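One structure is given below, encoded as structure tokens.
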Amino acid sequence: MTIEEVQQAIIADFSVYEDWMDKYTYLIELGNELVPIDAAYKVDQNLIRGCQSRVWLQQKMEGDLLIFEAESDALIVKGLVALLMKVFSGRTPQEILDAEPYFIDEIGLRQHLSPTRSNGLMAMVKQIKLYALAYKQILSQKK
Amino acid sequence: MTIEEVQQAIIADFSVYEDWMDKYTYLIELGNELVPIDAAYKVDQNLIRGCQSRVWLQQKMEGDLLIFEAESDALIVKGLVALLMKVFSGRTPQEILDAEPYFIDEIGLRQHLSPTRSNGLMAMVKQIKLYALAYKQILSQKK
Amino acid sequence: MTFNYKDIRKDFPILDQKVNNRPWIYFDNAATSQRPLVVVEKIHEFSLQTNANIHRGTHFHAIKTTEAYENARDIVKEFLHAKEREEIIFTHGTTESINLVARSFCERFLSEGDEIIVTEMEHHANIVPWQMACERHHAKLKVLPFADNGNLETDLLESLISSRTKILAIAHVSNTLGTVNPIKEIIRIAHNHNIPVLVDGAQSVPHITIDVQDLDCDFFAFSGHKIYGPTGIGVLYGKRAWLDKMPPFLGGGEMIDKVTFEKTTFNELPHKFEAGTPHYVGAIGLGSAIEYIRKIGLENIAAYEHQLLTYASDKMKELGGMKFFGESPNKTGVICFQLDQIHPFDLGTLLDQLGIAVRTGRLCADPVMDHYEVTAMTRASFSFYNTMEEIDRFIDSLIRIQKMF
Amino acid sequence: MTFNYKDIRKDFPILDQKVNNRPWIYFDNAATSQRPLVVVEKIHEFSLQTNANIHRGTHFHAIKTTEAYENARDIVKEFLHAKEREEIIFTHGTTESINLVARSFCERFLSEGDEIIVTEMEHHANIVPWQMACERHHAKLKVLPFADNGNLETDLLESLISSRTKILAIAHVSNTLGTVNPIKEIIRIAHNHNIPVLVDGAQSVPHITIDVQDLDCDFFAFSGHKIYGPTGIGVLYGKRAWLDKMPPFLGGGEMIDKVTFEKTTFNELPHKFEAGTPHYVGAIGLGSAIEYIRKIGLENIAAYEHQLLTYASDKMKELGGMKFFGESPNKTGVICFQLDQIHPFDLGTLLDQLGIAVRTGRLCADPVMDHYEVTAMTRASFSFYNTMEEIDRFIDSLIRIQKMF
Ligand SMILES: Cc1ncc(COP(=O)(O)O)c(C=O)c1O
Ligand SMILES: Cc1ncc(COP(=O)(O)O)c(C=O)c1O
């Protein structure tokens, strides 16, 4: 699935739930399903700043694709992280740079998860884009 | 005239004026009439603290009576000072200590000249009473 | 009973609203309190009718504003049972009050090798200023620990005190554990060694009658916004003997006597410590808040809040998987807890979704987090405008959330 | 004309009252401004509807309050044309802003034997903090004088600068003389010597469009209450490069990253300099005040105030015995004067009796008093809600008072 398709799928998934409590239940489910990242990566340097819960983000390149792994000690945040992974992990740096995670707005998450809420969702998107930019430059130098 | 009589006289004088501007005109007159104190006494240690204009207060004993001389560089304040002199100067320390300058309230001055107005009228009364107390103690030791 | 919460609720119309489609329950009172209508209206009325910069003004509005401001000082003086009105300094909050002392007191009295004592349960506002002072003056910070139940280890105090101890800074009530510390006893011990004591009263003034002369504390700090007053205003009480000896904190207007480029002399108390245009609207609002709670009666408030605390604690205990942080027999209406393995952020988010405001996170008390080896806590804190029904709904919500995990 | 003062007056109902039985005339605007109804109502409305402590909150009201507070920061950032929102620090006023720099900058950058330059026309708030810093660090305060007409002797600046000069602090507009200083030129000169410049903008923000990037100043300070906003709130703008290097000012909540008793690390800008619960209600009010004046337009305000200044100056000159302090061709609507031998206290008292509020005294600028060898002055200062008719009545009142002496 392309980033676009994944976002549409997420929006469709969430459209089922009217009550926010159900959306949260779903997020918690997603969080529970997220593969935990290796304990070795749960280090301070992988922590995303500005989160009330701890969020670790780890990345690597496989071929042309940027692979992210992430985790949080809060389950709702972990669910959000899982969504971001679906959208952004396993893409080329250029794909990542070109994508706007508009699904956040569409499923009504932004209002519930604004930057001032300090859950760091935005901080995480920013960090993902920074990695993408860095790898893009590395790749272009290789060529 | 006793302190009581002087206060009554002042109240009577002021009762003539309905408009505050006239009361001020009268105060300015009184200020102009006040005998200036000797320049030698216009020193910092005779300054009353907390006044917006400078007010000097100087005292001496003549027999049993405490004589005050005072001045200000602002004329309205000088007028007020003149009133206080009429009330308090040339009295025994005990008379001063016993007297409440109720005329200030009666002629409506307190509301116009509250402590926070920092014209120091209250500070001056306090200083006069302090002197009276000190002299009373000196006199009682002499006996 | 002199206390009818139905009447009280009328004084706080802000509570009468929905959040996320449910009637709002505000259990974040230890962070900031709501303001009764009289306070909001007092500020509004004053702002519509009277305004001028205070002190040294010769005109009507300047005088009226000054009188209102100085009247607020008198109200605070009565409230704290201070000896003199000049011992009441208006600041912008507990944090500034403590920093004032940490700067000015330490500049005068703290030397290399000296020591300052704080406790392990302090809010950051009563740690960091002292740490910074210690760093500036090459002094040492010592820490009085607390036991797992939330009680201070007062017995250890004597052993921490040395001839180099220059000041002791302690919370009257902990903002996490809720513990009411035995500050009168602690002050007595410190004074036996001639050590002055600063009391952080941010969490005690809304609940406990304060008599600074009876406590004999040297400094007492609190915030307006935690005691039903406005933001941006706070108080530092200090004994005149100390305040007179301390150098000024901030320089500026009103705190000076005479300025020349060669030499500046400073004004008398309290002005010496009130540089610049004060937040007079805030002070006036604080005065009105204090009048309001005096009318209700702090004893009534405390008694009712204790009922709320007991009721909530008992009900919460009935849930499985509940862990409390701070179980001193002598505590205010503050409950810090952990439910099962639910992360406080998740819990707070879901409670909010159910219309209930609690605080989650590190609560500006990292050492307390470290003590219990947790990364965050959830705190519910009650005020006299809260109700038993709200606690019932809180418990129901916890049960509902518990099932989601 | 885009400016209709009749509409403006409707925005300030507070002006519509009698003082001493006469319609009130408020000419004490340089001390504090009146607040338009939108600001008073904004505060009122917010206070009735929304309240919670900000930052790190997971609940609805905490988020709403935080957003409103941070939105105010964005408004200030736009207003000052700052590069980054993190360069905007909320303080409690100009005085605190300047003290913050005088403490934190000097702690890091001022050593024994170093020098600081201020000017002779500064408000005490921009003198005393630097004097105190010089005393703490054994440094020297140097003074750039002004000429009798109120203009700075900018020519002398180069000769005051030495290799030991560490900072220059200067008012954008003098609160007594009204002079608009050529700060852009002064900043350029200082920067040629790598000396940072703090601009005290307390008296300029209400009248002059500020672009801190164009001015290239390193710090810029102002107060909310002088710019139609609430009391107890102010701003410090600082270039990130400096703010990042400076140690924190106050210690407490929100300004830390992690606290342990061994080591505390500090939060990022702007939080590093905002310890404790901020005056969020004040910040929100300030934001609404700035929006209000941006709607009116600072150019319109300045143009109209210049008309008031010219009209008043001309009329006052026609009175015999009028002496002006500060006659720079480039000045704001501030007139300090002496009429005959009438003491300012007498003049102020009598003007008040006639319903007119002016400021009298030393105006927090002792060195200016000393320059002209007077003990006090009378100051009339205008704002865009004042009218020509008010000036006429002011002149008539001066004539009447003149005759009383
Ligand atoms: C030029 C100048 N600087 C600083 C200040 C101090 O401002 P505040 O009292 O609001 O801190 C004032 C206000 O009186 C001023 O006019
Ligand atoms: C015990 C304690 N001390 C100090 C503070 C700081 O108060 P403020 O943020 O009002 O300065 C708080 C409030 O969070 C507190 O609970």
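Everything numeric here is computed off the predicted structure, so don't read it as measured data. Reminder, nothing fancy here: chain letters follow the sequence lines and each chain counts from 1.
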Toward chain C, the part of [X] with a non-hydrogen atom under 4.5 Å:
X      : value
D/E107 : side chain
D/L250 : both
D/S223 : neither
D/W24  : side chain
D/I14  : both
D/M369 : neither
D/F12  : neither
D/L100 : neither
D/V358 : backbone
D/T94  : neither

By a 4.5 Å heavy-atom criterion (distance strictly below it), what part of [X] contacts chain D: side chain, backbone, both, or neither?
X      : value
C/Q49  : backbone
C/I127 : side chain
C/F27  : neither
C/L15  : neither
C/V259 : both

### Query
Is there any salt bridge (Lys or Arg N to Asp or Glu O under 4.0 Å) pair reaching into residues 24-46 of chain C, and which pairs are they, with sequence neighbours excluded?
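Every salt bridge (Lys or Arg N to Asp or Glu O under 4.0 Å) pair that includes a residue of residues 24-46 of chain C, provided the two are not neighbours, is C/D28-C/R359, C/D28-C/R379.
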
### Query
When rounded to the nearest 0.5 angstrom, what is the spacing between CD1 in D/I116 and SG in D/C134?
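Here the rounded value is 4.0 Å.
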
#### Entry: C/T360 and D/T58 side chains, donor-acceptor separation under 3.5 Å
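Their side chains do contain a donor-acceptor pair, which is all the 3.5 Å distance test asks for.
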
### Task
Check whether the side chains of C/S383 and C/S33 place a donor and an acceptor atom closer than 3.5 Å, and report yes or no.
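The criterion, which ignores hydrogens and geometry beyond distance, is not satisfied for C/S33 and C/S383.
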
What I'd like to find out is whether the side chain of [X] reaches to under 4.5 Å of the side chain of [Y], using heavy atoms alone.
X      : Y      : result
C/K18  : C/N21  : no
D/T260 : C/D366 : no
D/R362 : D/M377 : no
C/F261 : D/L141 : yes

Return a table of donor-acceptor pairs under 3.5 angstrom between the side chains of residues 272-281 of chain C and protein atoms on other chains or two or more places apart.
unit_1: C/K272; atom_1: NZ; unit_2: C/L243; atom_2: O; d: 2.8
unit_1: C/K272; atom_1: NZ; unit_2: C/D244; atom_2: O; d: 3.0
unit_1: C/K272; atom_1: NZ; unit_2: C/M246; atom_2: O; d: 2.7
unit_1: C/E274; atom_1: OE1; unit_2: C/Y69; atom_2: OH; d: 2.8
unit_1: C/E274; atom_1: OE1; unit_2: C/R73; atom_2: NH2; d: 3.1
unit_1: C/E274; atom_1: OE2; unit_2: C/R73; atom_2: NH1; d: 2.8
unit_1: C/E274; atom_1: OE2; unit_2: C/F90; atom_2: N; d: 2.7
unit_1: C/T277; atom_1: OG1; unit_2: C/N53; atom_2: ND2; d: 3.1
unit_1: C/T277; atom_1: OG1; unit_2: D/H225; atom_2: NE2; d: 3.3
unit_1: C/H279; atom_1: ND1; unit_2: C/G282; atom_2: N; d: 3.3
unit_1: C/H279; atom_1: ND1; unit_2: D/T231; atom_2: O; d: 3.2
unit_1: C/H279; atom_1: ND1; unit_2: D/T231; atom_2: OG1; d: 2.7
unit_1: C/H279; atom_1: NE2; unit_2: C/T231; atom_2: O; d: 3.1
unit_1: C/H279; atom_1: NE2; unit_2: D/H279; atom_2: NE2; d: 3.2
unit_1: C/Y280; atom_1: OH; unit_2: C/N51; atom_2: OD1; d: 2.7
unit_1: C/Y280; atom_1: OH; unit_2: C/A52; atom_2: O; d: 3.3

For each of [options], tally heavy-atom pairs with chain C at distances under 4.5 Å, and name the one with the top tally.
options                        : result
D/A283, D/G253, D/P247         : D/G253
D/G251, D/G252, D/P129, D/A125 : D/G251
D/I98, D/I43, D/V128           : D/V128

### Query
Is any NZ, NE, NH1 or NH2 atom of the basic residue among D/D370 and C/K258 found under 4.0 Å from an Asp or Glu carboxylate oxygen of the other?
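C/K258 and D/D370: salt-bridged.
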
Which one, [options], leads in non-hydrogen pairs under 4.5 Å with chain D?
options                : answer
C/A31, C/A365, C/P13   : C/A31
C/L351, C/T264, C/I356 : C/T264
C/Q131, C/E120, C/E96  : C/Q131
C/H61, C/Q17, C/H123   : C/H61

### Task
Apply side chain to side chain donor-acceptor pair (under 3.5 Å) to D/T91 and D/S97, showing your working.
CA-CA 6 Å; D/T91 66; D/S97 298; 2.8 Å; yes

### Task
Please lay out, stage by stage, how D/H371 and D/M121 fare under the test side-chain contact (heavy atoms from CB on, under 4.5 Å).
CA-CA 9 Å; D/H371 179 105; D/M121 65 168 79; over 6 Å; no

### Task
Would you please classify the geometry between the C/Y26 ring and the D/H59 ring as parallel, tilted or perpendicular, with 30° and 60° separating the classes?
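Ring orientation, 0 to 90° scale: perpendicular.
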
